[in-house]
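For reference, the structure discussed in these notes is given below.
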2 protein chains.
Amino acid sequence: MDTPQLCPRFEKAMSIMSQRWTGLVIYQLLNGPQRFCNIESAIGISGRVLSDRLKDLETEGIIKRDVFPETPVRIEYSLTDKGLALQPLMKEIEKWSQDWLQI
Amino acid sequence: MDTPQLCPRFEKAMSIMSQRWTGLVIYQLLNGPQRFCNIESAIGISGRVLSDRLKDLETEGIIKRDVFPETPVRIEYSLTDKGLALQPLMKEIEKWSQDWLQI
DNA sequence: TATAGTTACTTACTTTATGTAAGTAATTAT
DNA sequence: ATAATTACTTACATAAAGTAAGTAACTATA
């Protein structure tokens, strides 16, 4: 038929956002920089998958990882500008969920 | 730590949108009602998974399924109001992808 | 009449992703 | 010497997704 072809950039964005946990990790980091174990307990993701997701998101330039050589070592994850730019999208998801989902 | 707890409605919205293919199926249906094989070829999803997704989305009230007893039978999928309400969200993904992703 | 074509699926099987639980490294506290 | 802490990794089990073939219902063609 004659539906327009998918824009590769849009497709990429979708593939990032439609990966399990990615959205919640970003949403959680909108609360500010935080550590691995905090993200883990806040959203209920397993450490194994969180480790994968943080690596992927860092590779995509959406989050950054800062190491503070304290004891025990403190590692903070935070959103880059690219990651912060996802806030309006998160707001839309919030809005839709408020308007259309029951508890 | 002291990050706020996740809103169950937001979490539900995220679980819908972060399932693989769901976003693209909805995006595709923003072009108007269309048939199974059209969605399939437009976004490159396998029939097996598309079948699952369409059932899930119908259960969620995001799409509806209309049967036209022609030959061969025509079955059209389209967005409900709840599904159409996801358009602003799709626009945000488009915008972000334009602003932050390279080709 | 037999064969092929069409759409919308389903089924069986393989591969990939995710969940669970235990383990590791580096350091400090007890 | 043992336990505690954080940020992971590893090994293994289960769930989700991909691939390809099959099915049902009907029509068109040879």
Side-chain angles (χ1 to χ4, degrees), chain A residues 1-3 6 11-12 14-29 31-60 62-79, chain B residues 1-3 6 11-12 14-29 31-60 62-79:
Chain A
M1 228 202 265
D2 56 349
T3 43
L6 282 173
E11 219 172 337
K12 177 80 192 284
M14 266 298 187
S15 82
I16 294 170
M17 295 306 299
S18 72
Q19 215 183 359
R20 189 137 61 175
W21 297 109
T22 298
L24 284 182
V25 169
I26 293 166
Y27 185 75
Q28 180 62 24
L29 288 176
N31 293 313
Q34 53 201 283
R35 320 173 68 156
F36 192 96
C37 64
N38 189 59
I39 304 172
E40 193 175 13
S41 61
I43 66 176
I45 189 179
S46 75
R48 197 200 133 299
V49 177
L50 179 55
S51 181
D52 282 357
R53 286 303 173 276
L54 292 172
K55 270 176 212 149
D56 295 346
L57 289 169
E58 199 187 352
T59 301
E60 293 294 344
I62 290 170
I63 66 173
K64 66 184 204 304
R65 181 181 189 270
D66 291 306
V67 181
F68 300 87
E70 302 168 1
T71 293
V73 66
R74 180 164 56 101
I75 294 173
E76 276 194 352
Y77 295 93
S78 55
L79 295 171
Chain B
M1 233 203 262
D2 56 349
T3 44
L6 281 172
E11 220 173 334
K12 176 81 191 285
M14 266 296 187
S15 83
I16 293 170
M17 295 306 300
S18 72
Q19 215 183 1
R20 190 139 58 176
W21 297 110
T22 297
L24 285 181
V25 169
I26 293 166
Y27 185 75
Q28 180 62 24
L29 288 175
N31 293 314
Q34 53 201 286
R35 319 173 67 154
F36 192 95
C37 63
N38 190 58
I39 304 171
E40 194 176 13
S41 62
I43 67 177
I45 190 178
S46 75
R48 196 199 133 302
V49 176
L50 179 55
S51 182
D52 283 357
R53 286 301 173 278
L54 292 171
K55 272 177 212 149
D56 295 346
L57 288 169
E58 199 186 354
T59 300
E60 293 294 344
I62 290 169
I63 66 172
K64 66 185 206 301
R65 180 180 189 271
D66 292 305
V67 181
F68 301 87
E70 302 168 359
T71 293
V73 64
R74 179 165 56 101
I75 294 174
E76 275 194 353
Y77 295 93
S78 55
L79 295 171

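Quick caveat, the model's predicted, so the values are computed rather than measured. Proteins come first, then strands; the chains are lettered A, B, ... in the order of their sequence lines, and each starts at number 1.
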Using the side-chain heavy atoms of B/Arg48, tell me which of these nucleotides is nearest: C/dA8, D/dC8, D/dA17.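 The nucleotide sitting nearest to the side chain is D/dA17.
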Most 5' of A/Gly47 and A/Thr71 on DNA chain C, judged by nearest nucleotide: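 Taking each residue's closest nucleotide, the earlier one in sequence belongs to A/Gly47.
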Between A/Gln19 and A/Glu70, who's closer to the 5' end of DNA chain C by nearest nucleotide?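 Result of the comparison: A/Gln19.
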Distance below 4.0 Å between [X] side-chain N/O and [N] OP1 or OP2:
| X | N | answer |
| --- | --- | --- |
| B/Arg35 | C/dT7 | no |
| A/Arg65 | D/dC8 | yes |
| B/Trp21 | D/dG18 | yes |
| B/Ser51 | C/dT10 | yes |
| A/Lys55 | D/dA7 | no |
| A/Arg53 | C/dT18 | yes |

Indicate yes or no: at least one non-hydrogen side-chain atom of A/Leu6 is less than 4.5 angstrom from one of B/Leu24.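 In short, these two side chains touch, coming nearer than 4.5 Å.
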With a 4.5 Å cut-off on side-chain heavy atoms, are B/Asp52 and B/Trp21 touching? no
Whether the side chain of A/Arg65 engages the backbone of A/Lys55 through a donor-acceptor N/O pair (distance < 3.5 Å, no angle test) should be reported.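 No, the answer is negative, given that no donor and acceptor are paired below the 3.5 Å cut-off.
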For the pair made of [atom1] in [X] and [atom2] in [N], what is the distance, rounded to whole Å?
| X | N | atom1 | atom2 | value |
| --- | --- | --- | --- | --- |
| A/Leu54 | D/dT9 | CG | P | 10 Å |
| A/Glu40 | C/dT20 | CD | P | 12 Å |
| A/Ile75 | D/dT5 | CD1 | C1' | 13 Å |
| B/Ile45 | C/dC9 | CD1 | C1' | 14 Å |
| B/Asp56 | D/dA16 | CG | P | 10 Å |
| A/Glu58 | D/dC8 | CD | P | 9 Å |
| B/Leu24 | D/dA17 | CG | P | 13 Å |
| B/Arg74 | D/dA25 | CZ | C1' | 17 Å |

So, taking the atom named OH in A/Tyr77 and the one named CD in A/Gln28, what distance separates them when rounded to the nearest 0.5 Å? 14.0 Å
Atom pair CE (B/Met17) and OG1 (A/Thr22), whose distance is rounded to the nearest 0.5 Å: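 Answer rounded to 0.5 Å: 13.0 Å.
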Looking for any heavy atom pair under 4.0 Å, which part of the strands does B/Arg20 touch: base, sugar-phosphate only, or nothing?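 B/Arg20: backbone/sugar contact only, no base atoms under 4.0 Å.
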5'-most by nearest nucleotide on DNA chain D - B/Val49 or A/Asp52: A/Asp52
